[in-house]
There are 2 protein chains.
Amino acid sequence: MTVTCLPECGVARFLALLNGPWATLIVRELLPGPRRFTELREALPGISPHTLTSRLRQFETYGIVIRTTYPEIPPRVEYRLTAAGQRLREVLDAMAAWATSIPDPESHSVSSAATQNAADASTAHIG
Amino acid sequence: MTVTCLPECGVARFLALLNGPWATLIVRELLPGPRRFTELREALPGISPHTLTSRLRQFETYGIVIRTTYPEIPPRVEYRLTAAGQRLREVLDAMAAWATSIPDPESHSVSSAATQNAADASTAHIG
DNA sequence: CGGCATCCTCCGTGATACTG
DNA sequence: CAGTATCACGGAGGATGCCG
């Protein structure tokens, strides 16, 4: 599944632009306002500078994020969402609203319909 | 970034449940109504049965999808969204709405702010 | 038809070290 | 501070073959 250009389908387009586990989380951190490189790094426990740079550069290419360099000492770089990036707030909100409505996968009361070979989901956890 | 249980943050929870490029697309195909295995396969050009099974099983574990086996000849299996899964429609809609509002990344008229070291995004395409 | 088993590839990511 | 360079890993995903 290698995409050379953006797909037609909106959902697929979204996935092509915000791919990987970190992408969406970075956008989340940028929603409140501009952030510096280190601020993002500290706000995203576990992310490596390599990954952060990579995602940020991709967003820049897509026109989701604007990178602004202030020639100071010490150097300062700010990342801020473009208008297009800001519109992602609605999507993230929808994601969060849905996810918080999902109970931790423990009580899956599967109501049998046909031959529901109901594998005991009661013991299933997130591996 | 290995998650053993669902994160607190809604966005992160969402990403943990609908990870990978195919997951969301599968949900998209299930939104209109129940689908059979082969139907999903044909609706998702390029997906392998391995991946399709894997994602479907994960959704089942999460309580997003219900798998129903009809003991017929030939065998028939239907996948349908649970109530929780149906609520994903809003999220997918938000994704699609946003993505279709994003122009193909060619005209990024970056309006300089400070020292916008505007790397010529004009030649940048989606690799 | 609807899988599962096995092997292999790809790439997002992490760890570490180094630079302007 | 804000990266870049290099190496390595892991898990999603693909290819193929076999089974109920």
Side-chain angles (χ1 to χ4, degrees), chain A residues 1-4 12 15-27 34-62 65-80 114-117 119 126-127, chain B residues 1-4 12 15-27 34-62 65-80 114-117 119 126-127:
Chain A
M1 195 193 175
T2 317
V3 178
T4 54
L15 297 172
L17 265 47
L18 276 80
N19 55 341
W22 285 114
T24 312
L25 295 177
I26 294 173
V27 172
R35 290 286 179 277
R36 301 178 58 172
F37 188 85
T38 304
E39 286 176 337
L40 288 173
R41 230 180 116 171
E42 292 172 352
L44 299 165
I47 197 172
S48 62
H50 174 83
T51 299
L52 184 53
T53 300
S54 170
R55 301 291 86 194
L56 250 13
R57 288 282 186 276
Q58 189 183 352
F59 289 158
E60 213 185 338
T61 302
Y62 291 154
V65 159
I66 294 288
R67 179 177 179 271
T68 308
T69 305
Y70 298 93
E72 306 171 351
I73 302 295
R76 183 162 62 97
V77 176
E78 265 190 5
Y79 295 91
R80 64 183 173 84
T115 308
Q116 220 67 260
N117 41 352
I126 310 239
Chain B
M1 195 195 176
T2 316
V3 177
T4 54
L15 296 172
L17 264 47
L18 277 79
N19 55 342
W22 286 116
T24 312
L25 294 177
I26 294 174
V27 172
R35 291 283 180 276
R36 300 179 57 173
F37 188 86
T38 305
E39 286 177 336
L40 288 173
R41 229 180 116 173
E42 293 172 352
L44 299 166
I47 197 173
S48 64
H50 174 80
T51 300
L52 184 53
T53 299
S54 170
R55 299 293 86 195
L56 250 13
R57 286 283 184 275
Q58 189 183 350
F59 289 158
E60 212 186 338
T61 301
Y62 290 154
V65 159
I66 295 286
R67 178 177 180 271
T68 308
T69 306
Y70 297 92
E72 307 171 350
I73 302 294
R76 184 161 62 98
V77 176
E78 265 189 3
Y79 295 91
R80 63 183 174 85
T115 310
Q116 221 70 259
N117 42 351
I126 310 242

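Chain letters run A, B, ... following the sequence lines, proteins first, then strands; residues in each count from 1. Please read all numbers here as calculations on a predicted model, not as lab measurements.
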Problem - Pairwise distance CG(B/Leu44) to CG(B/Leu25) - rounded to 0.5 angstrom - result: 6.5 Å
Practice task
Kindly state each residue pair satisfying salt bridge (Lys or Arg N to Asp or Glu O under 4.0 Å) with at least one member in residues 47-58 of chain B, sequence neighbours excluded.
Solution key: B/Arg57-B/Glu60
Handout entry: Residue list, side chain to side chain donor-acceptor pair (under 3.5 Å) with B/Thr51, at least two apart or on another chain
Key = B/Ser48
Fill in the blank from the handout: From CG of B/Leu52 across to C1' of C/dC4 the rounded distance in Å is 13 Å
Practice task
Report yes if some heavy atom in the side chain of A/Ile47 is under 4.5 Å from a heavy atom in the side chain of A/Ile26; otherwise report no.
Solution key: yes
Exercise for the section: Round to a whole Å and report the spacing from CD of A/Glu78 to P of D/dG3. Expected result: 12 Å
Practice task
Considering just the side-chain nitrogens and oxygens of B/Thr51, establish if one lies under 4.0 Å of OP1 or OP2 belonging to D/dA12.
Solution key: no
Exercise for the section: Pick base, sugar-phosphate or nothing for A/Ser48, based on heavy-atom distances below 4.0 Å to the nucleic acid. Expected result: base
Handout entry: Nearest-angstrom distance from the residue atom CZ of A/Arg41 to C1' of C/dT13
Key = 14 Å
Fill in the blank from the handout: Checking C/dG3, C/dC1, C/dT13 against the side chain of B/Pro75 (C-beta onward), the nearest is C/dC1
Handout entry: Nearest-Å distance for atom pair OH/C1', residues B/Tyr79 and C/dC1
Key = 11 Å
Exercise for the section: For D/dA12, take OP1 and OP2 only and decide whether either is under 4.0 Å from a side-chain N or O of B/Asn19. Expected result: yes
Practice task
Indicate, with a heavy-atom threshold strictly under 4.0 Å, whether B/Arg55 touches base, sugar-phosphate, or nothing.
Solution key: sugar-phosphate
Practice task
Specify the residue among B/Arg57 and B/Pro74 whose closest nucleotide of DNA chain C lies further upstream toward the 5′ end.
Solution key: B/Pro74
Exercise for the section: Could you check how far CZ of B/Arg67 sits from C1' of C/dC1, rounded to whole Å? Expected result: 12 Å
Exercise for the section: Measure from CD1 on A/Ile73 to P on D/dC1 and round the result to the nearest Å. Expected result: 13 Å
Fill in the blank from the handout: Among C/dT6, D/dT4, D/dG20, the one nearest any side-chain atom of B/His50 is C/dT6
Practice task
For A/Arg36, report the nucleic acid contact type (base, sugar-phosphate, nothing); a contact means any heavy atom under 4.0 Å.
Solution key: sugar-phosphate
Problem - Euclidean distance, atom CD1 of residue B/Ile47 to atom P of D/dA15 [Å, nearest integer] - result: 12 Å
Fill in the blank from the handout: Picking from C/dC4, D/dG3, C/dT13, the nucleotide nearest the side-chain atoms of A/Phe37 would be D/dG3
